[in-house]
Amino acid sequence: MSSNRARNRLIGISAVLSIVVIAAVVFFFFNGTSLSLDVDRLYDSADRYVGETVQLSGTVVAGSWDRQSEPMTFRVFNEDSDSAAEITTIFEGVPPPNFGDGTGVIITGVVGADRTITSGQMLTVCPSRYETDDNTLPVAGLFDMDSDMDMTGIPVRISARVVNGSITPPGEDIRLTVHDIEDPSIELPVKFSGGLAETVEDGTPVVLTGHLDEDGNFAADVVANIADS
């Protein structure tokens, strides 16, 4: 009897394992991860993947997107390559908050003709950036009434703090507003087309690199957190 019980138990375990294996095969057949490609590989073999769902990794080409277009389109390239290859993405959705020029993205979508990919899924990779506030100018320094120097158009680094509730979605003309660290009543609207790191949020002390434009806005090329000294 004991041998029969052992044999029956073994048969039962084998049956369960078989069901698990079959279920796993079916799951991965219908829901398996997409083929991962970089821009160069998809660009060179686009015809091969037409109609397939792939995961494409790349970097957003500066100035290639318009948040107001419907659907939004942008181009990506391989930042680690000397190739001039670019893939046009037709994005049917709302871009993540840290989307922008130079942002690393992972796009899941269907490859179309003419080296395009249509997607409704996107992950962004925008690493935090830290800089010291050494040799920076306060916001108030841009509007020093005692100085004869007009700061408009002059490249400068300023230290400031993000105004609560001022961060807007990608594509807005004014991306955020900062204020003078010592005098919060002095505020400065900031234009920025790059991707904001998740570490840039309400009340964050930041270093901005750019220039004051003729409208009194700060056109930023870099937005970084202030590094601890």
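Any value given below was found using the heavy atoms of this structure, including those in side chains, with hydrogens, waters and symmetry copies removed.
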Got a donor-acceptor contact below 3.5 angstrom from the [X] side chain to the [Y] backbone?
X: Ser119; Y: Gln121; result: yes
X: Ser45; Y: Leu42; result: no
X: Thr103; Y: Asn98; result: yes
X: Ser81; Y: Asn78; result: no
X: Ser83; Y: Ala85; result: yes

Non-hydrogen side-chain atoms of [X] and [Y] separated by less than 4.5 Å:
X: Ile174; Y: Lys191; answer: yes
X: Leu176; Y: Val163; answer: no
X: Val222; Y: Leu208; answer: no
X: Ile90; Y: Ile117; answer: no

Single-linkage hydrophobic cluster, 4.5 Å side-chain cutoff, [X] and [Y] together:
X: Val39; Y: Leu123; result: no
X: Val162; Y: Ile186; result: yes
X: Tyr43; Y: Val54; result: yes
X: Ile154; Y: Phe192; result: yes
X: Val223; Y: Val156; result: yes

Kindly give the heavy-atom pair with the smallest separation between [X] and [Y], and that separation in Å.
X: Val60; Y: Phe77; answer: O-CE2, 4.0 Å
X: Gly171; Y: Gln68; answer: O-NE2, 4.3 Å
X: Pro170; Y: Arg67; answer: O-CG, 3.1 Å
X: Ser64; Y: Arg75; answer: OG-N, 3.1 Å
X: Trp65; Y: Ser193; answer: CZ2-O, 3.6 Å
X: Asp101; Y: Gly63; answer: OD1-N, 3.2 Å

Dump the intermediate steps for side chain to side chain contact (heavy atoms under 4.5 Å, CB included) on Ile158 and Val207, then the final yes or no.
CA-CA 6 Å; Ile158 65 171; Val207 171; over 6 Å; no

Distance in Å, [X] [atom1] paired with [Y] [atom2], rounded so as to fall on 0.5 Å steps:
X: Ser69; Y: Phe91; atom1: OG; atom2: CZ; result: 11.5 Å
X: Glu92; Y: Glu70; atom1: CD; atom2: CD; result: 8.5 Å
X: Thr124; Y: Phe99; atom1: OG1; atom2: CZ; result: 9.0 Å

What I want to find out is whether Glu86 reaches Arg115 closely enough, with some N-O distance under 4.0 Å, to be called a salt bridge.
no

Could you walk me through whether Phe143 and Met151 pass side chain to side chain contact (heavy atoms under 4.5 Å, CB included), step by step?
CA-CA 8 Å; Phe143 309 101; Met151 297 298 294; over 6 Å; no

When clusters are formed from ILVMFWY side-chain contacts under 4.5 Å, directly or step by step, what else is grouped with Tyr130?
none

Would Leu56 and Asp38 count as a side chain to side chain contact (heavy atoms under 4.5 Å, CB included) if you check the C-alpha gap in whole Å, the side-chain angles of each, and the deciding distance to 0.1 Å?
CA-CA 6 Å; Leu56 178 68; Asp38 63 21; 5.6 Å; no

Show me the side-chain donor-acceptor pairs of residues 209-216 shorter than 3.5 Å, one per line, residues at least two apart or across chains.
residue : atom : partner : partner atom : Å
Asp213  : OD1  : Asp215  : N            : 2.9
Asp213  : OD1  : Gly216  : N            : 3.0
Asp213  : OD1  : Asn217  : N            : 2.8

Please step through side chain to side chain contact (heavy atoms under 4.5 Å, CB included) for the pair Thr59 and Val61, ending with a clear verdict.
CA-CA 6 Å; Thr59 301; Val61 175; over 6 Å; no

Checking side chain to side chain donor-acceptor pair (under 3.5 Å) for the pair Asp114/Thr116: CA distance, chi angles, key distance, verdict?
CA-CA 6 Å; Asp114 302 323; Thr116 63; over 6 Å; no

Tell me which donor-acceptor pairs under 3.5 Å the side chains of residues 194-204 have, and how far apart each pair is, sequence neighbours excluded?
residue : atom : partner : partner atom : Å
Thr199  : OG1  : Ser128  : OG           : 3.1
Thr199  : OG1  : Asn225  : OD1          : 2.9
Asp202  : OD1  : Gly165  : N            : 3.0
Asp202  : OD2  : Gly165  : N            : 3.2
Thr204  : OG1  : Thr199  : O            : 3.4
Thr204  : OG1  : Glu201  : N            : 2.9
Thr204  : OG1  : Glu201  : O            : 2.8

Quick one: side-chain hydrogen bond (donor to acceptor under 3.5 Å, both in side chains) pairs with a partner in residues 170-183, sequence neighbours left out?
Asp183-Ser185

Under the rule for ring pair (Phe, Tyr, Trp, His ring centres under 6.0 Å), what residues qualify as partners of Phe218, not counting sequence neighbours?
none

For Ser159, side chain to side chain contact (heavy atoms under 4.5 Å, CB included) partners two or more places apart
Asp133, Thr136, Ile181, Ile226

